[in-house]
Q: 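Starting off with a structure, shown below.
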Amino acid sequence: QNFEEYQVCSITVGVIGDICRALDEQILPFCDQIMGLLIQNLQSDALHRSVKPPIFSCFGDIALAIGAHFERYVAPAIQIMQGAAQVCAQMDTLDEELMDYANQLRRSIFEAYSGILQGFKDTKAELMIPYAQHLLQFVEVVSKDSLRDESVTKAAVAAMGDLADVVGENTKHLFKNFTFCSEFLNECLQSEAEDLKVTARWTQGMIARLMHSS
């Protein structure tokens, strides 16, 4: 709640992620209060911008921990994620410090999407159908940005793979229409970075499996 002390607040948000990983579903009784405060913080104009990326990443940690129970938070959480994605698209690309921040923000939004998708796998995957198009549009915008760093690229590719893996059949038409996907993945497969190549190969496999399903 004391977000004026933004460095302490940022570390605290990181600790929530650690607690989620340690407790899994046992964190559930505290989630209403935690999610309420995180969403409130993101909506505040007074919140220091450096706290926003950790909060988005934390959404992913909470979703992974509580799985299907994240259903009650998904609409407000993704609404704010979509708003932040919009803000990223309008940032001044000539300002180096701002671009560093944009990269952190974009990576954390993709991490949140991945956590929510994986949390809903096999239980509530259909809840993500309404958000699939926006996620792929966001990946497309980021894929065309030469100033994205490698961590953003990897998080974007992973989120794409999670979408194909978790939501499956219901995203088939989207992957057909978003022709940038194969080009973007090919670019990643040419990368020097081994972990990016591994992620891109996995995502390529998830999309291929989806396209060849009857």
Side-chain angles (χ1 to χ4, degrees), residues 1-92 95-120 135 138 142 145 147-159 162 193 195-196 199:
Q1 282 170 297
N2 182 17
F3 61 76
E4 288 84 359
E5 296 286 346
Y6 67 88
Q7 284 149 320
V8 181
C9 185
S10 186
I11 291 165
T12 307
V13 171
V15 172
I16 293 170
D18 295 337
I19 294 170
C20 286
R21 282 187 286 278
L23 291 184
D24 284 333
E25 276 202 352
Q26 291 170 293
I27 189 96
L28 192 57
F30 310 99
C31 282
D32 279 356
Q33 191 180 5
I34 291 169
M35 282 299 295
L37 286 170
L38 294 178
I39 287 171
Q40 208 176 307
N41 280 3
L42 285 172
Q43 288 168 334
S44 165
D45 294 333
L47 181 75
H48 194 277
R49 70 181 192 195
S50 65
V51 188
K52 290 185 179 183
I55 290 180
F56 285 126
S57 299
C58 191
F59 282 175
D61 292 331
I62 292 171
L64 271 175
I66 65 173
H69 299 290
F70 197 80
E71 178 176 1
R72 70 179 90 170
Y73 314 117
V74 73
I78 291 189
Q79 193 180 351
I80 298 177
M81 285 154 58
Q82 289 176 339
Q86 200 83 37
V87 170
C88 289
Q90 292 153 359
M91 281 185 186
D92 177 6
D95 182 331
E96 203 174 316
E97 196 184 322
L98 204 54
M99 280 322 291
D100 277 351
Y101 171 65
N103 278 327
Q104 287 172 29
L105 192 57
R106 295 187 296 191
R107 183 184 72 221
S108 68
I109 295 168
F110 286 128
E111 285 171 353
Y113 269 118
S114 278
I116 295 169
L117 281 160
Q118 289 169 30
F120 284 155
L135 172 53
F138 184 35
V142 170
D145 178 10
L147 296 171
R148 63 181 148 84
D149 66 20
E150 197 183 287
S151 70
V152 175
T153 307
K154 186 174 173 231
V157 168
D162 286 324
D195 57 343
L196 175 57
T199 305

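Please read all numbers here as calculations on a predicted model, not as lab measurements. Computed over heavy atoms, backbone and side chain alike; hydrogens, waters and symmetry mates excluded.
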Q: To the nearest 0.5 angstrom, please state how far the CZ atom of Phe138 sits from the CD atom of Gln86.
A: 10.0 Å
Q: Answer yes when Arg148 and Asp145 have at least one side-chain N-carboxylate O distance shorter than 4.0 Å, and no when they do not.
A: no
Q: Is any side-chain heavy atom of Phe59 closer than 4.5 Å to one of Ile78?
A: no
Q: Quick one: are the ring centres of Phe110 and Phe56 less than 6.0 Å apart?
A: no
Q: Does the Ser44 side chain pair with the main chain of Gln40, one donor and one acceptor, at a distance under 3.5 Å?
A: no
Q: Set out, in order, the CA-CA distance, both residues' side-chain angles and the distance that settles side-chain contact (heavy atoms from CB on, under 4.5 Å) for Arg107 and Glu111, then state yes or no.
A: CA-CA 6 Å; Arg107 183 184 72 221; Glu111 285 171 353; 3.6 Å; yes
Q: To the nearest 0.5 Å, what is the distance between CD on Gln7 and OG on Ser50?
A: 7.0 Å
Q: Please examine the side chains of Asp95 and Met99, heavy atoms only from C-beta on, and report whether any two atoms are closer than 4.5 Å.
A: no
Q: Does a side-chain heavy-atom distance below 4.5 Å link Leu135 with Leu117?
A: yes
Q: Under 6.0 Å from the CD atom of Gln33, do we count more than 12 heavy atoms belonging to anything else shown?
A: no
Q: Do the non-hydrogen side-chain atoms of Asn2 and Glu4 ever get within less than 4.5 Å of each other?
A: yes
Q: Looking at Glu150 and Lys154, is there a salt bridge between them, counting it only when a charged N and a carboxylate O are closer than 4.0 Å?
A: no
Q: Heavy atoms, side chains only, cut-off 4.5 Å: are Asn41 and Val51 in contact?
A: no
Q: So how far is it from Cys88 SG to Arg106 CZ, rounded to the nearest 0.5 Å?
A: 6.0 Å
Q: For a side-chain contact (heavy atoms from CB on, under 4.5 Å) check, start with the C-alpha distance between Met91 and Leu105, then their side-chain angles and the critical distance, and finish with the verdict.
A: CA-CA 11 Å; Met91 281 185 186; Leu105 192 57; 4.2 Å; yes
Q: Please assess Phe70 against Tyr73 for the test ring pair (Phe, Tyr, Trp, His ring centres under 6.0 Å), listing each intermediate value before the final yes or no.
A: CA-CA 5 Å; Phe70 197 80; Tyr73 314 117; 5.6 Å; yes
Q: A side-chain contact here means heavy atoms from C-beta on lying under 4.5 Å apart; do Ile16 and Asp61 qualify?
A: no
Q: Donor-acceptor pair, distance only, cut-off 3.5 Å: does the side chain of Tyr101 make one with the backbone of Arg49?
A: yes
Q: Rounded to the nearest 0.5 Å, what separates atom CD1 in Ile62 from atom CE in Met35?
A: 5.5 Å
Q: Kindly determine whether Leu64 and Cys20 satisfy side-chain contact (heavy atoms from CB on, under 4.5 Å), including the steps that lead there.
A: CA-CA 8 Å; Leu64 271 175; Cys20 286; over 6 Å; no
Q: Answer whether the closest heavy-atom distance between the side chains of Tyr6 and Leu47 falls below 4.5 Å.
A: no
Q: Less than 4.0 angstrom from a charged side-chain N to a carboxylate O is my criterion; do Arg72 and Asp32 meet it?
A: yes
Q: Verify side-chain contact (heavy atoms from CB on, under 4.5 Å) between Ile66 and Ile27, making sure each step is shown before the conclusion.
A: CA-CA 7 Å; Ile66 65 173; Ile27 189 96; 3.6 Å; yes
Q: So does Glu96 have more than 12 non-hydrogen atoms from other groups sitting under 6.0 Å from CD?
A: no
